[in-house]
There are 2 protein chains.
Amino acid sequence: MRSYGQYCGLARSLEVVGDRWNLLIVRQLLMAPARYRDLADGLPGIATNLLADRLRDLETAGVVERRLAGTGSVVEYALTPWGAELREPINGLIRWSTPLMIRGPEGDIFRLEWLVLALPALLDKRVTSRPTEAIGLAIDETTLRLRATRYGFEVGPRDERALAGTVRAEPMCILGLAAGALDFDDAAALGLIEIEGDEASVRAMFGS
Amino acid sequence: MRSYGQYCGLARSLEVVGDRWNLLIVRQLLMAPARYRDLADGLPGIATNLLADRLRDLETAGVVERRLAGTGSVVEYALTPWGAELREPINGLIRWSTPLMIRGPEGDIFRLEWLVLALPALLDKRVTSRPTEAIGLAIDETTLRLRATRYGFEVGPRDERALAGTVRAEPMCILGLAAGALDFDDAAALGLIEIEGDEASVRAMFGS
DNA sequence: CCGCATCCTCATGGATACTG
DNA sequence: CAGTATCCATGAGGATGCGG
């Protein structure tokens, strides 16, 4: 990217991460370190030369580091500590995108991992701030486990631990509830969500 | 910009503001509504056709609105309420840029208004949280007035009101102090900053 | 296969001139 | 002043090649 030539924090940031695909690469690495192939798979549409270019740029800038994974000579990419601090501005953009997301997928492809990344960003700004029971989010074939602790939100795959209640809904409804853009009772009245188990626990997470 | 085709908040945000220059246009409008010429002046290097294109895109997306300023038929651009909410992610990127900024201007042009925009973003994350006396920031020929209130930071031009103390420094030192990346005593020992008036008031703003 | 590098085409950005 | 038109340079995207 050509330099903006401005001594301004925003301009300097954008010279590092403003190029097309760059922040999406960081998004992928925020979820977990990944191999070249994982990144190419998680970024449908990126050209292989671009991915290689961008990884080099990000490594040079100090955002990403290339390292040897596990035992063998397998290359793996991970965020540096500074790179991982991009979670804050990324969370801000995720929150800002709420009006764009509640329109629904509109043909765009959907990956559950992106929702897992978005949920804490959306929920963190709603001042529940007290621990909740673990609830389940049933989306298509999968159920996620979601829980608020005193330190933040945990989102992950369902495990053997019990869930107080479960809500089944489309991704866009989950996002709407988490962002506070969709009212819990409205969603229930419209049949957009389907509750199993203890409704109060689910409402404690999303209710207004 | 070509669509990413991903139902992900970050990707959708970037389809709106990810194009080159877009966030810098928003930065300019965060400071005040502006006319076409003001924007062209505040964005050195932008081609006029690009500025026109981007303003159209941002208007279509609902980030910017075009309106008639004052009494006459003068067109003016301003952020919509949703567009103004980009301040959060922009502040995040400004904070993230600290390691890039403390290297100094390195030939990039500097505008005082960019520093005025950055200061609250940097100071907000430092948990002083209590009101301070108003102090002066002397940078080149200009002195800014800076004060913490219970609700946030006020930065603006100096007026007739008294200043408890004044600190003179290069922009990069001001940024380093505000970001917590430069220690007050170190800066003083190195002669990077020059205090007039009440040092305690200045230290209350930047001291660790 | 995985991890890129090369090649080619076409869309986009940049600089400048020009117009209502 | 507020943009458009034009032309050229650069970068994205897609296909493919190639060594380990």
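Side chains included, hydrogens not; waters and symmetry mates left out as well; all remaining heavy atoms used. Lettering follows sequence order; numbering is per chain, from 1.
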- Item | Any donor-acceptor N/O pair, A:Arg145 side chain to A:Glu154 backbone, under 3.5 Å | no

- Note on the structure: Here the distance between atom P of C:dT12 and atom CG of B:Asp57, to the nearest Å, is 11 Å

- Task: Can you tell me the distance, in whole Å, between the CD atom of A:Glu76 and the P atom of C:dC4?
- Result: 13 Å

- N/O donor-acceptor pair, side chain A:Asn49 with base D:dG14, under 3.5 angstrom: yes

- Think A:Tyr77 has a side-chain N or O under 4.0 angstrom from the OP1 or OP2 of C:dC4? yes

- Task: Please report, rounded to the nearest Å, how far the P atom of D:dA2 is from the CG atom of B:Asp41.
- Result: 10 Å

- Task: Answer with yes or no whether B:Thr48 presents, from its side chain, a donor or acceptor under 3.5 Å of a partner atom in the base of D:dA2.
- Result: no

- Please report, rounded to the nearest Å, how far the P atom of C:dG14 is from the CD1 atom of B:Ile46. 8 Å

- Query: So which nucleotide from C:dA5, D:dA12, D:dT4 ends up closest to the side chain of A:Arg56?
  - Reply: C:dA5

- Query: Could you give the CG-to-P distance, from A:Leu50 to C:dA11, as a whole number of Å?
  - Reply: 16 Å

- Per side chain to side chain contact (heavy atoms under 4.5 Å, CB included), B:Leu137 is matched among B:Leu119, B:Thr166, B:Thr143 by B:Leu119

- Message: If you count heavy atoms of other groups shown closer than 6.0 angstrom to CD of B:Glu196, is the number above 12?
- Response: no

- Query: Distance check: side-chain N/O of B:Arg54 vs OP1/OP2 of D:dG3, anything under 4.0 Å?
  - Reply: no

- In this structure, are over 12 heavy atoms from other groups packed under 6.0 Å from A:Glu59 atom CD? yes

- Between C:dG3 and A:Arg35, is there an OP1 or OP2 to side-chain N/O distance shorter than 4.0 Å? yes

- Residue closer to the 5' end of DNA chain C, A:Leu55 versus B:Trp21 (nearest nucleotide): A:Leu55

- Item | Spacing of A:Arg2 atom CZ relative to C:dG13 atom P, expressed in whole Å | 14 Å

- Closest nucleotide among C:dG3, C:dA15, D:dG14 to the A:Ala47 side chain: D:dG14

- Query: Under 4.0 Å: is that the gap between some side-chain N or O of A:Arg20 and OP1 or OP2 of D:dG13?
  - Reply: yes

- Query: Tell me: CG of B:Asp53 to C1' of C:dA11, nearest whole Å?
  - Reply: 13 Å

- So does B:Arg37 get a side-chain nitrogen or oxygen closer than 4.0 Å to the phosphate oxygens (OP1/OP2) of D:dA2? no

- Message: Please pick, from D:dG3, D:dG14, C:dA15, the nucleotide with the shortest atom-to-atom distance to any side-chain atom of B:Tyr36.
- Response: D:dG3

- So, the side chain of A:Glu85 versus the backbone of B:Trp96: is there a donor-acceptor pair under 3.5 Å, distance only? no

- Message: Just N and O in the side chain of B:Arg66: are any of them under 4.0 Å from OP1 or OP2 of D:dG3?
- Response: yes

- Atom CG of A:Leu43 to atom P of C:dC4: distance rounded to whole Å? 15 Å

